[in-house]
Amino acid sequence: MKNSIKSCAVPIMSIFLCWSGFAKEIVDIQKLVNDAISNKTQRITLPAGRLYPASDYVMIEKANGLIIEGAGADTVIVARTLRSTFSIFRSTNVAIRDLCIDYDPLPFTQATITAISADRTEFDYEVHAGYPAMEGAYSTTQIYLFDKNTRAWKRDVPDLYFRKNEILSPTRGKLRSLTKHWMDHSGIVVGDYFIFTTRKSHAIQIYNSTSVRVEDVIVYTAPSAAVLCRYMDGDNYFRFTIKRGPLPNGAREERLISTGADGFNYGVGRKGPVLERCDFSFMGDDSVNFHGHAHPVIDYDGGRTVWIASRWDGDMESTIALFRTGDTARLLTYGSFAMLGDVPIASMTIEDAKKDLIKDAVVTEWRFPKDAKGVTVCRVELARPPAYAPKFGDAFTMPALDAPNWAIRDCRFTEHRGIGIRMQSPHGIIERSVLENIKMAAIQIAPQISFWAEANWVNDVIIRNNTIRDCGYDPVMWSPIDRVGYGAIAVTTMTPRPADNELMRLPQLPLNRNIVIASNRIDGCSVAGIFINAANGVRISGNSIQRVNQKDGSRAGTNYALCSTHAITILNSSNVSAVGNRIGAPGDLAQGEMKDYGDYSRRLVRERYGE
């Protein structure tokens, strides 16, 4: 007997309105999902048209084997709020495919700078016709700049952050009290375009699920990320597109961005995802970010018991659900994140009675709320006492949940803010992909424990046969005081920010391990083509590098005792080999083809402080 798939066609309630030439139709997708799960229907097929869900969002919970599919580019699901379009929770073998996602109203707005004060700390603006008015979630104080003529991200200028957005009318306002203007922003002029993002939710969010697929989906916009995954297991596969959507009704200016934040963010899982043939462009942040979570230690009994805390709703419960006996805890000293050792975990349980131990250090360094609101505490029983006793505020990580064993193949990431691929997960490969016109590093391997609490030190990664063009044109790339990967391909670490006018005294430890960077073509970067810091066991071979070091890399990261001066720059690393690389026509500010500075950061600290 042949297997059959139960499916349902979708009845439509039509409202005869028009938006950009499409009929506006209301569909109760939530009811279809609920009925399909209840009746064990395996496929929901949505028709062509601009389909507005009747509910604020579509919740898919405890589904097994459900497929939601459309008619390709002709099926556009249009979210009507700043909530997620699809939320998938505690589900298995769910697929979303062959449809598009858009928002109406849009989850961002865009404007033109109409005046700049003489001291360049106040900017007047006017919102573009057809875009959301300045109210509520849209009246933010951070802006991203675009070139009026090319409609691309404006080069060599930073993002701007203000303390106040004074609303003068629904379409006019004044941004006051510019902060963080230590970077040159003289290139920003009257007439430049910019955007305000809401960053409220994600087009598709997937939690606590196993073996999910997103295939042949187009995301035109989202309040935050296009796809966000947390606490995943199984084989998860993604092949989708992010691009700017159609001209809004009543607008004369085309959209400047697609999503408000990342393209794809995958955090905490027993196994990482596969991304193949994805095409992402014009996002408000990184294309890809894979990572685990780090948690602060808030108490230790001197033996086998450690208490850790989380500021994310449901994080501890979900982490415990993924935990398997024998998983190891990796304890890291806060600051340098030196490894204190890996210890098997015997058990994990919630124990909120310890909330009163949340102190100022955890509030400041780990960004916890002062009143411990929303904080969850977990009691961890280790199989044996750790070799080195963890201190209050040290980091607790779980390598088994760092989303290992991932792959990124045959993708294209272009024209977006942030980093192309921000990798914090081990055991993976990035190959045959194109990354171009990206504001920061094209590929960055680095733990970000100190700010985002994203773990871990990265090991066993292959980066090969990729093409990188024209990246690193945000001034943070050659700034002395920001924390980024200072190269087109960068391996580094993100230590806490030092005090103003201070040199960071923490050691840059070589704890990223076993990285292969081979046969990549790098054509254009503000600083180094390949930047290696805090790594052990890196093989750099057969890469073609040209038009790099176009800015003064001698100042890049100097507050962190770093620099990015050569086409291949190596610092604070061990066992790095570089063979068969072809370096042609580096920038005028390149100090040479390659230099291994050795234990550079320690030398600078000793020279300044005598330590």
Side-chain angles (χ1 to χ4, degrees), residues 261-267 272 275 280 283 285-292 337 402-403 406 408 411 413-414 416-426 428-431 433-452 454-464 466-479 482-495 508 510-513 515-517 520 522 524-535 538 540 543 545 548 553 556-557 560 562 564 568-573:
D262 294 348
F264 181 68
N265 189 303
Y266 189 105
L275 266 69
F280 299 172
M283 297 82 65
D285 217 328
D286 310 330
S287 268
V288 173
N289 184 345
F290 295 173
H291 60 88
F337 306 111
D402 284 341
W406 49 268
I408 300 173
C411 293
F413 306 127
T414 184
H416 65 84
R417 180 179 172 270
I419 294 164
I421 298 172
R422 187 191 297 263
M423 186 53 60
Q424 302 167 82
S425 295
I429 186 167
I430 303 167
E431 62 179 347
S433 293
V434 175
L435 302 99
E436 58 185 337
N437 297 324
I438 295 168
K439 290 196 71 175
M440 297 184 194
I443 300 172
Q444 175 182 290
I445 293 176
Q448 286 203 286
I449 300 169
S450 66
F451 188 76
W452 291 112
E454 294 176 349
N456 207 320
W457 291 101
V458 180
N459 59 285
D460 301 322
V461 171
I462 298 171
I463 303 168
R464 69 185 181 195
N466 301 288
T467 298
I468 297 170
R469 290 188 287 262
D470 293 321
C471 65
Y473 54 85
D474 190 304
V476 300
M477 293 292 288
W478 56 93
S479 158
D482 225 319
R483 298 172 291 182
V484 296
Y486 299 104
I489 298 175
V491 179
T492 188
T493 182
M494 300 294 173
T495 49
Q508 303 266 348
L511 295 176
N512 295 299
R513 307 182 311 282
I515 312 296
V516 174
I517 303 171
N520 301 285
I522 300 170
C525 184
S526 57
V527 284
I530 297 175
F531 175 84
I532 306 297
N533 176 52
V538 180
I540 307 168
N543 299 283
I545 303 172
V548 296
Y560 296 88
L562 300 173
S564 184
I568 299 176
T569 300
I570 304 165
L571 309 99
N572 311 305
S573 296

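Since the structure is predicted, the reported quantities are computational estimates derived from the model, not experimental observations. Residue numbers count from 1 along this sequence.
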Sorted by chain and number, sequence neighbours left out, side chain to side chain donor-acceptor pair (under 3.5 Å) with Asn572 holds for Asn533, Ser601
Is the closest side-chain donor-acceptor distance between Asp402 and Gln424 under 3.5 Å?
-> no
Ser573 (side chain) donor-acceptor with Ala534 (main chain) under 3.5 angstrom | yes
Identify the heavy atoms of Gly487 and Cys525 that sit nearest to each other, and give their distance.
-> C-SG, 4.0 Å
Nearest non-hydrogen partners of Ala528 and Thr569, listed with the distance | CB-OG1, 3.8 Å
Are any side-chain N or O atoms of Thr493 and backbone N or O atoms of Ala446, one a donor and one an acceptor, separated by less than 3.5 Å?
-> no
Are the side chain of Asn520 and the backbone of Ile468 linked by a donor-acceptor contact shorter than 3.5 Å?
-> no
Atom pair CG (Asp262) and CD1 (Ile419), whose distance is rounded to the nearest 0.5 Å = 9.5 Å
I would like to know whether Asp286 and Met440 meet side chain to side chain contact (heavy atoms under 4.5 Å, CB included); could you show each step before the answer?
-> CA-CA 9 Å; Asp286 310 330; Met440 297 184 194; over 6 Å; no
Distance col, row Asp470:CG vs Lys439:NZ, nearest 0.5 angstrom, shows 14.5 Å
Measure from the side-chain N and O atoms of Ser526 to the backbone N and O of Gly472, and report whether any donor-acceptor pair falls under 3.5 Å.
-> yes
Which heavy atom in Ser287 sits nearest to a heavy atom in His416, and how many Å separate them?
-> OG-NE2, 2.9 Å
Which word best sums up how the rings of Phe290 and Trp406 line up, parallel for under 30°, tilted for 30 to 60°, or perpendicular for over 60°?
-> perpendicular
Checking side-chain contact (heavy atoms from CB on, under 4.5 Å) against Trp457, which of Pro426, Pro447, Pro510 comes through?
-> Pro447
Under 4.5 Å between any side-chain heavy atoms of Val434 and Arg469, yes or no?
-> yes
To the nearest 0.5 Å, tell me how far Arg422 CZ sits from Gln448 CD.
-> 4.5 Å
Roughly how far apart are Ile532 CD1 and Ile570 CD1, rounded to 0.5 Å?
-> 6.5 Å
Asp460 and Ile515 have their tightest heavy-atom pair at N-CD1, 4.4 Å
Report yes or no: does Asn466 contribute a side-chain atom to a donor-acceptor pair with the main-chain N or O of Ser433 at less than 3.5 Å?
-> yes
How far apart are the closest heavy atoms of Val458 and Met423, and which atoms are they?
-> CG2-O, 3.8 Å
Apply the test side chain to side chain contact (heavy atoms under 4.5 Å, CB included) to residues Asp474 and Val484: give CA-CA distance (whole Å), side-chain angles for both, the deciding distance (0.1 Å), then the verdict.
-> CA-CA 11 Å; Asp474 190 304; Val484 296; over 6 Å; no
Apply the test side chain to side chain contact (heavy atoms under 4.5 Å, CB included) to residues Asn543 and Ile517: give CA-CA distance (whole Å), side-chain angles for both, the deciding distance (0.1 Å), then the verdict.
-> CA-CA 8 Å; Asn543 299 283; Ile517 303 171; 4.0 Å; yes
CG on Asn289 to CZ on Phe264, rounded to 0.5 Å = 10.0 Å
Is there side-chain contact between Thr495 and Gln508, with heavy atoms separated by less than 4.5 Å?
-> yes
Closest non-hydrogen contact found for Leu571 with Leu562 is CD2-CA, 4.3 Å
Result for ring-ring contact (aromatic ring centres under 6.0 Å, His included) between Tyr486 and one of Phe531, Trp478, Tyr560 points to Phe531
Is there side-chain contact between Phe337 and Leu511, with heavy atoms separated by less than 4.5 Å?
-> no
What's the spacing between Ile489 CD1 and Ile463 CD1 if we round to 0.5 Å?
-> 5.5 Å
